[in-house]
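In what follows, every chain begins at residue 1, and chains take the letters A, B, ... in the order their sequences are listed. All values below come from the heavy atoms of this structure, side chains included, with hydrogens, waters and symmetry mates left out.
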2 protein chains.
Amino acid sequence: MSGALPQSDGEDANIPASCRVCGARRFGICKALKSSELLRLSASTRRRKIEHGDTISFEEDEVVEYANIVEGAVKLTKILKDGRQQIVGLQFAPEFIGKPFSEMTTVSVEAATDVEICVFPKAEFERMLHQEPNFEHRLLEQTLTQLDDARSWMVTLGRKTAQEKVASFLVLLANNLGRLNTSGSNMISFTLPLKRADIADFLGLTIETVSRQMTRLRKDKLIDIQRNLDVTILDMRRLKDLADGN
Amino acid sequence: MSGALPQSDGEDANIPASCRVCGARRFGICKALKSSELLRLSASTRRRKIEHGDTISFEEDEVVEYANIVEGAVKLTKILKDGRQQIVGLQFAPEFIGKPFSEMTTVSVEAATDVEICVFPKAEFERMLHQEPNFEHRLLEQTLTQLDDARSWMVTLGRKTAQEKVASFLVLLANNLGRLNTSGSNMISFTLPLKRADIADFLGLTIETVSRQMTRLRKDKLIDIQRNLDVTILDMRRLKDLADGN
DNA sequence: CGCGAAATTGACTATATTCAAAGCTAGTGG
DNA sequence: CCACTAGCTTTGAATATAGTCAATTTCGCG
């Protein structure tokens, strides 16, 4: 059946059905795989849906599988013994989740929105990495990007004011989730994938401080918020300047 | 000549002389190279000494070469336009410096101590990565470790008090530079590779706050400091607990 | 409509910053 | 060898920013 139909995108007709619409195949690590390899890997993968708020794996869990995010956003968190928490990363489709070549994870992974992931068993994934240098190369590139992101965020955590932190957060989301507003102007809209408590944990602030800064940005006409979670950025230029400390 | 002598460590006698005593060969990315490959790579490398305080490469420089740290410690920094600065990483021998597969760097690299590095030209290094999957694998492992380190430090920056930050910094140094004190007790000593201003930039604090917390740790008999830069940790257990927020 | 969770707002407090002054330390030259 | 300087570091006092605690308001959902 698949062989008879013309492929709209001109790609190999043999790629697995579940991969065909998967962003990870086009922009994630699976891009490095040939169709035959994709087919083989997909034989041992499975899709899993995770509800918003559920934990995918706990800090210091044993590593037993890896995954690509197919849909949604996840947060990576670390906690101190007394409960203080820090979100150390937000990841969106089609990024890779997991800590290859390790026995233990060092972060908790939690679904920030409703999430769909494509799960690889540890052994099969690592075999694939070993056999296909391009695959590992791709993973290296993603890891380098994540390292860059982490270091940029360190500047936010260490050196920015509460106001600048909140602005930085909104700019980050706009870049990852933002859609041009239907009104046709250059306003950008998105739905917050995190509640205030999580935003606070991401920014190293308290809920109250986040709330106050949001209010201030609203009063300054940089953003608009509807029902606590739908954000419209009214002036991206000024918001970016604020985020960058100008 | 080299062939006639028995090798004390039983290793291939053909490794380049400069690599023979280099920590990167045993613990860094060069560990992944066979002696023939090491020989080839070393043909295009050169050693360079950099004085404490000198900048090795600037943020947003074009990437033209990579390097291994042979001796000493370097700091990776990012700055905001108004001059606020954040150190986003400290690296010690035999770690790798550089941003592979990129046009531009995203951090400044500066010698924290007097430093010796082993420089690879961009093209040759990337060719080696491409030809030798083990080499790239090793780089991936180092990058994953750096990502982990960065994320751990994000907790320090976002969620710890000034006191805990300074304790965390001292524990970090003890792990990387510490030597058991000559007195034979379980005290650990090292020389600070950073002055107060840099420590402040690493911890997201001011000079004065760092100084006050150091004084407090000294008064609490957790550490001792001689001549502003020689630190002895008197009670590692308590210092670690403090750093971890217990 | 009414309930519980989440977010906002207000008043007060604490922690770290800022500004200012004085103390060390290492290196230089008399 | 000592005095002097320049650059760091420490210390102190006042201030500001974000945190804490508490009260309301808003939102989402049965």
Basic-acidic side-chain contact under 4.0 Å: [X], [Y]:
{"X": "A:Lys75", "Y": "A:Asp201", "value": "no"}
{"X": "A:Lys122", "Y": "A:Glu62", "value": "no"}
{"X": "B:Glu65", "Y": "B:Arg48", "value": "yes"}
{"X": "A:Asp198", "Y": "A:Lys195", "value": "no"}
{"X": "B:Arg237", "Y": "B:Asp235", "value": "no"}
{"X": "B:Asp220", "Y": "B:Arg238", "value": "no"}

- How many Å lie between CG on B:Asp198 and P on D:dC8, as a whole number?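 The distance from CG of B:Asp198 to P of D:dC8 comes to 10 Å, rounded to the nearest Å.
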- Identify the 5'-most and 3'-most nucleotides of DNA chain C with at least one atom closer than 4.0 Å to a non-hydrogen atom of chain A.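 It runs C:dA6 to C:dA11.
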- Message: Show, in sequence, the C-alpha distance, side-chain angles and deciding distance for A:Ser42 and A:Thr45, and conclude whether the side chain to side chain donor-acceptor pair (under 3.5 Å) test is met.
- Response: CA-CA 5 Å; A:Ser42 72; A:Thr45 64; 5.3 Å; no
- Classify the ring geometry between A:Phe96 and A:Tyr66 as parallel (under 30°), tilted (30 to 60°) or perpendicular (over 60°).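 Plane angle between 30° and 60°, so tilted.
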- Task: Produce a footprint string for nucleotides 10-23 of chain D: one letter per nucleotide, 5' end first; B if the base is under 4.0 Å from any protein heavy atom, S if only the sugar-phosphate is, - if neither.
- Result: BBBB----SSBB--
